[in-house]
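As structure tokens, the structure follows; a few thoughts come after it.
Every chain is numbered from 1, with letters handed out A, B, ... down the list of sequences.
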Protein chains: 6
Amino acid sequence: MITALVPGSFDPPTNGHLDIIERCAGLFDRVVVAVANNPAKSPLFGAAERVALLEECCTRWDNVSARSFDGLLVEVVRRVGADVIVKGLRAVTDFEYELQLAQMNRHLSGTVTLFIPTNAEFGYLSSSLVKEVASFGGAIEGLVPPNVARALKERLADER
Amino acid sequence: MITALVPGSFDPPTNGHLDIIERCAGLFDRVVVAVANNPAKSPLFGAAERVALLEECCTRWDNVSARSFDGLLVEVVRRVGADVIVKGLRAVTDFEYELQLAQMNRHLSGTVTLFIPTNAEFGYLSSSLVKEVASFGGAIEGLVPPNVARALKERLADER
Amino acid sequence: MITALVPGSFDPPTNGHLDIIERCAGLFDRVVVAVANNPAKSPLFGAAERVALLEECCTRWDNVSARSFDGLLVEVVRRVGADVIVKGLRAVTDFEYELQLAQMNRHLSGTVTLFIPTNAEFGYLSSSLVKEVASFGGAIEGLVPPNVARALKERLADER
Amino acid sequence: MITALVPGSFDPPTNGHLDIIERCAGLFDRVVVAVANNPAKSPLFGAAERVALLEECCTRWDNVSARSFDGLLVEVVRRVGADVIVKGLRAVTDFEYELQLAQMNRHLSGTVTLFIPTNAEFGYLSSSLVKEVASFGGAIEGLVPPNVARALKERLADER
Amino acid sequence: MITALVPGSFDPPTNGHLDIIERCAGLFDRVVVAVANNPAKSPLFGAAERVALLEECCTRWDNVSARSFDGLLVEVVRRVGADVIVKGLRAVTDFEYELQLAQMNRHLSGTVTLFIPTNAEFGYLSSSLVKEVASFGGAIEGLVPPNVARALKERLADER
Amino acid sequence: MITALVPGSFDPPTNGHLDIIERCAGLFDRVVVAVANNPAKSPLFGAAERVALLEECCTRWDNVSARSFDGLLVEVVRRVGADVIVKGLRAVTDFEYELQLAQMNRHLSGTVTLFIPTNAEFGYLSSSLVKEVASFGGAIEGLVPPNVARALKERLADER
């Protein structure tokens, strides 16, 4: 049985993230979406909220679960018993940094990282652009799943 | 059962290629290495020779086989019943071209491409550099498997 | 009156090219599509054929015309009286080479080059990929205009 | 009548920025330089100061004006009635991020972004490098217009 | 006599840095490692500590010394009497920013910058990744010299 | 005594090449410019002609000589007794390929490669662009040394 770990911040999850998770759900026996806690980055949603949003989006696949983590990714890999790390990849500058991380993670734990290129139609999507657009009242339908769109509107209304 | 297709020219196979194939052998149920025939590129080794070299290198994994193909990659994907395409990735300029191919292949067949970054120690390795080094009598041990090193020396001796 | 020159090989024109031409038609008074003759590159379609295909595609805009050229781009700029060169831009490696050409053209003639990023949905499209897909009988609908699809099929049938 | 919007931080404007604005002034009927307010980034000069510096630099072109904005760029595009967004482009890593923004802005409003490559002689120029050089007393003549050089020296003297 | 200046943050020095310094020690008469003070970046080690760690690592080469600096790099170049600046280079995105700095420094002082590519086996190494790995208790042997490994453990124990 | 090897095609030498050679002449005791013979690439000038053109350009530096070579670069390094390889570097895509070559050469011979970024004003210059411009009668003054400009005009007149 092969387990894939899909790490990220997911603050919030976008349709680009779900496209990657859907691909993994079809290829691997078990998929664990690992949400980096990262309180130092002052995320818009807490780690538990991001896990809950992801689980709502992923009920359609019964081999996908989500959990948060602190600390080193290779530690989660070990605890979860993951055989492979999978990351979505959007652009060349992403690639360089991700390549460094992948080589460090392989050095530290022997675990290899697979990259899935983002679907062309989501090439411009990122969690931070979505937050910026939403914070100025721009339209985010089609960029994020409906439950995320609702959560974003509520959170941003609270902050005003 | 998940089948991964690993396409390439493999003229000749290098230790970088074998690193990618080994990773796939551990992650997927069946791995088919697909050798592009490409007679127009006047390869050093014919497609059948490259398939034979690969099969010699891959006997240690019983879920890996090799075959050659002409024509569109998506056609082989269909014939083999592959669920995913896997490519090794060395550098940023590789990535751009490979990303275009991956998006075209997804457009044509719905099949997604996964990328595995080359192990850091093989980052400078390419089939064409290996051929150039060998053709001037440079040392290629450690860059290619022993059977490929032997075949390269014989072929280059024939050409003189 | 501002005249924009849109140079390229257009062997053949794709929907990505037409997206760029449409944008220019809306922004500039006159748009001249300049088809590089380049017989040394053995194009699939002759320069006159490529001009004819483009003119068929561009009848909907009355400020767009097409012509072929040999020699230096800055020479066409002078003859046409162009105020600006416009190029579509797909990827980072495109950008580097195009930037060099743009700086050389500015050095030679003082004419500046504007770049329009390709629409995300055409990010994987290139004339050479289209030719490769078509040559193996793959589906090119949605990638090129209908008259180009017809011409491609006829030409490739002739070559067999 | 075609209106071009040239957005940026301009903290402070450099000779590279003025080169881009000069090009736009020659190509479009009306040019609006849009200064992002961005108080969260603690700029060295307030938005109103940056607008004033730009207007001093741009008096030589009677079709150029400057204004500040908060919020989404596509909102300013709408208010100003701009037909096109124009950005200067220096380097590959700029290009990737700008490409994402351009595709997002096209998705949100249908407005296309044109890129003008920076003149080769200003390839190393950025507002933040200029501020760093000036803050340590380095020579900034030739990098920024005279009024900006004066304003920088006064501001940095105030801060000590 | 040729003096090379090797600037950086070195927070902390890694085996990748030492590889660059070793190469310089063999090529130039005198090598000065210049540690940027940068208190605004809240480094883990103070500038004096980083100088001391470097000097411990460099005792094997008698033409290498280390010192800290504030302000513009070109000022240190002048004070030290350096003939050339040397930087290690890991990745494409590094290269772009470093190229801008190199051209600015050449504009300001006429001093040229040489780049040495990082050894392939250290391609994934950076001071910040090392700090992140160490802070979560990951293994850093083989990534940094022994004295740096000890200093990192003590510092991180103090911070808890 | 440190010897630097500056390899390339130099078909023909440009002012960008001379800028790199001048820098090396000031930093190293002996500089050998190594001209790759490469008859398979059908150069415009034979290797002996390129060596002669370079030697004419380099008479002002008495520690610079030129010679041609066939075969592996590391072989010339050995014969010349070079301590370091130096290459000019223009762009990111150059960098990736050069980085691969540099790592291969370090693997084969232990010799390190230093990179010097091209002066900003020559950023758009390449031998092939110069040949293209000259072949269509464009102005090449300021792009190449006077003796190269003369040789180019004569050669291109002969070819007509």
Part of D/Leu72 within contact of chain A (heavy atom distance under 4.5 Å):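 Contact with chain A is through both the backbone and side chain of D/Leu72.
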Between CG of A/Leu125 and CE of D/Met104, what distance do you get to the nearest 0.5 Å? 5.5 Å
For the atom pair CG (D/Leu101) and CD (A/Glu132), what is the distance rounded to the nearest 0.5 Å? 7.5 Å
Heavy-atom pair of closest approach, residues A/Leu129 and D/Gln100: CD1-O, 4.4 Å
Let me know if A/Ile140 has heavy atoms under 4.5 Å from chain D in its side chain, its backbone, both or neither. neither
